[in-house]
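As a basis for the values below, the full set of heavy atoms in this structure was taken, side chains included, without hydrogen atoms, waters or symmetry mates.
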Amino acid sequence: MSQIVITVVVNVAGALAAGTPDHHVVMIDDNKAAGSLHEATDHLHTAVREGDTLVWVVTSLECETYAAITALSLPDDVCEVRCETYPDTAVTYWIGTVKKAVTAPVPYGLTFALGSSLYTLPTSPNCALIEAQPIVVPEAAA
């Protein structure tokens, strides 16, 4: 079981000007070794195993703008998620535990508060949880 951090970076000014977060969001995670795909896009596929803990954090590309995840839609039988707040702050993050093995991609959606507006990043075919691959560690040279 691992903790996997999924970082969502939002170009808030671009999203507000366009009226949509499409093409103004990039996502990365720290599980590429297990097979995560489409890093630094808005359709990240995070490789997971049963028992993994997922943590979603959001940051704005522009330091003076507000961005937060206000909802995360994942099937509860796969991963039940909840919003948490860092102690003594108003900064939120989302956390969930993968309840069962993922054998086919499980799409999910994010809803953002950007500035003073709510925008939804559509569920499919964007971000998804996928089955993790075995991590191969190369043997040390003799």
Side-chain angles (χ1 to χ4, degrees), residues 1-87 89-141:
M1 294 180 259
S2 298
Q3 178 175 291
I4 301 164
V5 177
I6 300 166
T7 303
V8 182
V9 181
V10 183
N11 175 347
V12 175
L16 291 173
T20 177
D22 292 346
H23 310 295
H24 299 283
V25 173
V26 294
M27 300 171 65
I28 58 173
D29 69 36
D30 59 0
N31 206 25
K32 188 169 180 87
S36 291
L37 303 170
H38 311 300
E39 296 275 341
T41 70
D42 65 353
H43 56 280
L44 175 69
H45 287 66
T46 298
V48 299
R49 293 182 177 82
E50 183 177 358
D52 284 348
T53 299
L54 304 176
V55 180
W56 287 265
V57 295
V58 66
T59 188
S60 172
L61 189 60
E62 309 87 7
C63 64
E64 69 280 358
T65 57
Y66 176 77
I69 298 171
T70 57
L72 201 153
S73 62
L74 252 169
D76 285 343
D77 64 325
V78 175
C79 184
E80 193 168 338
V81 297
R82 67 187 183 282
C83 184
E84 297 282 336
T85 303
Y86 289 105
T89 73
V91 179
T92 61
Y93 61 96
W94 287 75
I95 190 166
T97 300
V98 179
K99 293 178 164 181
K100 65 181 184 180
V102 173
T103 56
V106 178
Y108 68 90
L110 300 166
T111 301
F112 299 100
L114 304 177
S116 60
S117 303
L118 288 178
Y119 292 99
T120 300
L121 184 63
T123 300
S124 180
N126 289 334
C127 18
L129 303 182
I130 59 172
E131 182 177 17
Q133 303 302 310
I135 298 174
V136 179
V137 178
E139 291 185 34

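Nearest approach of Leu54 to Cys79, heavy atoms of both residues: CD1-SG, 4.2 Å. Closest heavy-atom contact between Gly115 and Val12: N-CG1, 4.1 Å. The two residues Asn11 and Glu62 have their closest heavy-atom pair at OD1-OE2, 2.6 Å. What you find for Ala67 and Val58 is that their closest heavy atoms are O-CG1, 3.6 Å. The two residues Ala47 and Ala34 come nearest to each other via the heavy atoms CB-O, 3.4 Å. The two residues Pro107 and Leu74 have their closest heavy-atom pair at O-CD2, 4.4 Å.
Taking the side chain as every heavy atom from C-beta outward, Pro75 and Val106 approach each other to under 4.5 Å. Contact check for Glu80 versus Thr97: no side-chain heavy atoms found under the 4.5 Å cut-off. No side-chain heavy atom of Val5 sits less than 4.5 Å from a side-chain heavy atom of Tyr93. For the pair Tyr108/Val78, no side-chain contact is recorded, criterion being any heavy-atom separation below 4.5 Å from C-beta on. In this structure, the side chains of Glu39 and Leu44 come closer than 4.5 Å at one or more pairs of heavy atoms. With a 4.5 Å cut-off on side-chain heavy atoms, Thr65 and Leu16 do not count as touching. A heavy-atom distance below 4.5 Å is not found between the side chains of Thr85 and Val91. Looking at heavy atoms from C-beta onward, Ser2 lies out of side-chain contact with Asn31 at the 4.5 angstrom threshold.
To the nearest 0.5 Å, atoms CZ (Arg49) and CD (Gln133) are separated by 8.0 Å. Between atom CD1 of residue Ile95 and atom CD1 of residue Ile6 there is a gap of 11.0 Å, rounded to the nearest 0.5 Å. Atoms CD1 and OG, on Ile4 and Ser36 in that order, are 6.5 Å from each other to the nearest 0.5 Å. Distance check: Asp22 CG to Asn126 CG gives 7.0 Å after rounding to the nearest 0.5 Å.
Counting only distance, with no hydrogens or angles, the side chain of Thr7 and the backbone of Ile28 share no donor-acceptor pair below 3.5 Å.
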Inset, instruction - Would you check, one step at a time, whether the test side chain to side chain contact (heavy atoms under 4.5 Å, CB included) holds for Phe112 with Val8? - result: CA-CA 10 Å; Phe112 299 100; Val8 182; 3.7 Å; yes
Legend entry - side chain to side chain contact (heavy atoms under 4.5 Å, CB included) between Ile69 and Thr92, intermediate numbers included: CA-CA 8 Å; Ile69 298 171; Thr92 61; over 6 Å; no
Inset, instruction - Could you give me the CA-CA distance, side-chain angles and deciding distance for Met27 and Leu110, then say whether side chain to side chain contact (heavy atoms under 4.5 Å, CB included) is met? - result: CA-CA 11 Å; Met27 300 171 65; Leu110 300 166; 4.0 Å; yes
Inset, instruction - Apply the test side chain to side chain contact (heavy atoms under 4.5 Å, CB included) to residues Val48 and Ile130: give CA-CA distance (whole Å), side-chain angles for both, the deciding distance (0.1 Å), then the verdict. - result: CA-CA 6 Å; Val48 299; Ile130 59 172; over 6 Å; no
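Note: His43 and His38 have tilted aromatic rings, judged against thresholds of 30 and 60 degrees for the angle between ring planes.
Every residue two or more places apart in sequence or in another chain was checked for a ring-ring contact (aromatic ring centres under 6.0 Å, His included) with Tyr66, and none qualifies. Remark: Ala101 pairs with no residue by the side chain to side chain contact (heavy atoms under 4.5 Å, CB included) rule, at least two apart or across chains.
The existence of a salt bridge linking Arg82 and Glu84 is confirmed by a sub-4.0 Å separation between a basic side-chain nitrogen and an acidic carboxylate oxygen.
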